[in-house]
Amino acid sequence: MLWSDVIAKAAAVGLAPLNGSNPTVGVSGYTLGGGLSPTLGRSHGYAADHVRWFDVVTADGKLQHVDAESEPDLFWALRGGKGNFAVVTALEFDLFPVPRLYGGGLYFPGERTADVLRTWAAWHPNTPETMITSLAMMRMRSMPPVPEPLRGKFLVSVRIAYNGTVADGERLVAPLRAVAPSLLDNVRDMPYSEVASIHNEPTDPVPYYERGIMLRDFPAQAQDKLIELVGPDSETDLVMAELRALGGAWDREPAVPNAVSTRGLPYSLLAVAAGPLSQEEQLKRSVAELLDGMKPWQGDRRFVNNLAPDEAADATAIYGPERYERLASIKKTYDPANMFRLNHNVLPAATPD
Ligand SMILES: Cc1cc2nc3c(=O)[nH]c(=O)nc-3n(C[C@H](O)[C@H](O)[C@H](O)COP(=O)(O)OP(=O)(O)OC[C@H]3O[C@@H](n4cnc5c(N)ncnc54)[C@H](O)[C@@H]3O)c2cc1C
């Protein structure tokens with residue numbers, strides 16, 4: 001099932017899920033990987049924090065109902081450990097009474113990148129948890145469906161999802177609107193069903209390569225470095241570098257703790273390159289140039305949903321040593337032969353000699 005299905009059905013009764021930026025993403029993989037919702041996550045936490053139960057098929061072929069009481073270890077590991085533990089056939093999660101948002105995007109011309117970035121970085125920490133925001137530097141294509149004023153341009157876009165009144169939303173966003181005249185400003189009162197328009201990502205298949213890291217800090221030097229690497233005067237061919245501001249409920253352990261590893265890290269940084277398979281090596285190089293350049297500020301854990309599927313990431317580094325040890329021990333119980341290994345693999349804990 002895709003998020004678009006859930007959003008439509010929930011919106012019909014005035015409710016909203018903790019969906020991601022793009023409605024074409026699948027519910028299961030997203031939620032098992034944590035599920036970082038750029039529309040409600042800062043106030044509500046990760047999607048994985050709100051799962052009530054799963055039905056799964058474990059590696060031994062058994063159909064099992066998994067919740068906090070019946071299978072507490074597996075329930076902990078599934079929520080954040082992604083595809084390592086079982087095949088999920090059904091899940092139930094909370095929805096929230098959010099019929100409308102004040103949201104959309106402010107698109108500024110590339111030459112104002114430094115002003116917008118610095119203002120945004122100083123602004124968002126002082127906003128309430130109901131204000132969720134990200135900033136993207138983007139090289140737009142010169143063709144539809146890109147709106148006419150944005151075609152072929154380098155842009156910096158600030159995304160807004162505010163769950164509150166329009167008057168408060170306008171007041172909160174005013175310092176951003178004051179930075180520079182925008183090329184497009186579609187931040188508005190909207191029904192939750194229009195949530196995809198905030199990030200406005202492609203919904204048709206496009207060949208791309210992306211991966212991300214977490215940042216533990218984003219001081220002025222890191223801001224300068226980001227502009228140097230992907231700003232308007234850089235030579236990068238990335239189509240997008242996206243910085244999401246986290247904190248709030250994303251940092252708090254849920255009532256029933258889980259394996260999500262990125263609490264306490266204040267930013268996610270995603271690098272996206274687009275092009276045909278024949279350019280794969282170049283796309284990967286462009287992504288690496290940005291992420292390697294930002295290494296001095298990289299956090300000590302990774303967000304599993306932002307790893308490239310083929311990335312040879314060390315799972316200990318994704319989860320941190322203690323969380324990894326517990327995952328490995330649960331893996332040994334539920335998948336000792338490592339059947340579920342085509343992923344960012346948690347190895348079953350070794351049996352002591
Ligand atoms: C355009 C775009 C926007 C995105 N935005 C966000 C975002 O805002 N927040 C965020 O957190 N992530 C985001 N993601 C990342 C997304 O959450 C991951 O790519 C996730 O893996 C997608 O899951 P899927 O079910 O769609 O994909 P699939 O390719 O079907 O699955 C990916 C992996 O998830 C696991 N998996 C999937 N289904 C099951 C199942 N039923 N049982 C067990 N394991 C399963 C498996 O390991 C599988 O290999 C985005 C991705 C894209 C492409």
Side-chain angles (χ1 to χ4, degrees), residues 1-7 17-42 44-51 54-59 63-64 66 74-75 77-91 93 132-134 136 138 159 161 195-196 198-212 214 239-240 242-246 250 258-262 265 267-274 302-311 313 315 318 331 334-335 338-346:
M1 177 172 269
L2 304 181
W3 279 116
S4 50
D5 305 317
V6 181
I7 292 167
L18 297 181
N19 55 279
S21 55
N22 193 313
T24 65
V25 167
V27 171
S28 304
Y30 169 95
T31 304
L32 294 170
L36 196 155
S37 170
T39 48
L40 290 174
R42 187 179 173 202
H44 291 76
Y46 287 93
D49 300 348
H50 294 279
V51 175
F54 297 100
D55 282 342
V56 303
V57 179
T58 39
L63 185 60
Q64 305 206 37
V66 180
L74 186 54
F75 190 57
L78 281 167
R79 293 170 302 141
K82 212 163 180 179
N84 268 290
F85 295 90
V87 174
V88 170
T89 58
L91 73 162
F93 49 84
I132 307 185
T133 184
S134 62
M138 301 189 289
R159 290 77 164 271
V195 73
I198 296 176
H199 285 247
N200 219 6
E201 294 171 346
T203 49
D204 289 330
V206 280
Y208 73 99
Y209 179 81
E210 69 175 19
R211 65 185 176 88
M214 304 296 294
V239 291
M240 186 174 82
E242 180 202 69
L243 199 57
R244 291 190 186 180
L246 308 182
W250 275 309
N258 58 36
V260 171
S261 68
T262 39
L265 293 170
Y267 294 93
S268 79
L269 173 65
L270 187 70
V272 186
R302 306 276 305 274
F303 184 53
V304 72
N305 275 355
N306 281 355
L307 302 178
D310 65 344
E311 193 179 343
I318 297 170
K331 179 85 171 174
Y334 289 94
D335 184 14
N338 199 11
M339 176 189 280
F340 302 119
R341 62 184 174 279
L342 301 179
N343 47 37
H344 297 101
N345 197 215
V346 172

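Quick caveat, the model's predicted, so the values are computed rather than measured. Atoms within each ligand, like the ligands themselves, are counted from 1 in listed order.
For D204, the salt bridge (Lys or Arg N to Asp or Glu O under 4.0 Å) test picks out no residue, with sequence neighbours left out. With sequence neighbours excluded, the residues that form a side-chain hydrogen bond (donor to acceptor under 3.5 Å, both in side chains) with S134 are R159.
For residues 29-42, every residue pair satisfying the side-chain hydrogen bond (donor to acceptor under 3.5 Å, both in side chains) rule, not counting sequence neighbours, is listed here: S37-T39, T39-Y192, R42-T127.
A side-chain donor from one of K331 and N338 sits under 3.5 Å from a side-chain acceptor of the other.
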The test is side-chain hydrogen bond (donor to acceptor under 3.5 Å, both in side chains); show your working for D49 and N258 and say whether it passes. CA-CA 7 Å; D49 300 348; N258 58 36; 2.8 Å; yes
_Could you go through S21 and R244, starting from their C-alpha distance and side-chain angles, then the distance that decides it, and tell me whether this counts as side-chain hydrogen bond (donor to acceptor under 3.5 Å, both in side chains)?_
CA-CA 11 Å; S21 55; R244 291 190 186 180; 3.3 Å; yes
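For ligand 1, the 4.0 Å heavy-atom shell takes in G20, S21, N22, V25, G26, S28, G29, Y30, L32, G35, L36, P38, K82, G83, A86, V87, V88, E201, Y208, R244, F303, N305, ordered by chain and residue number.
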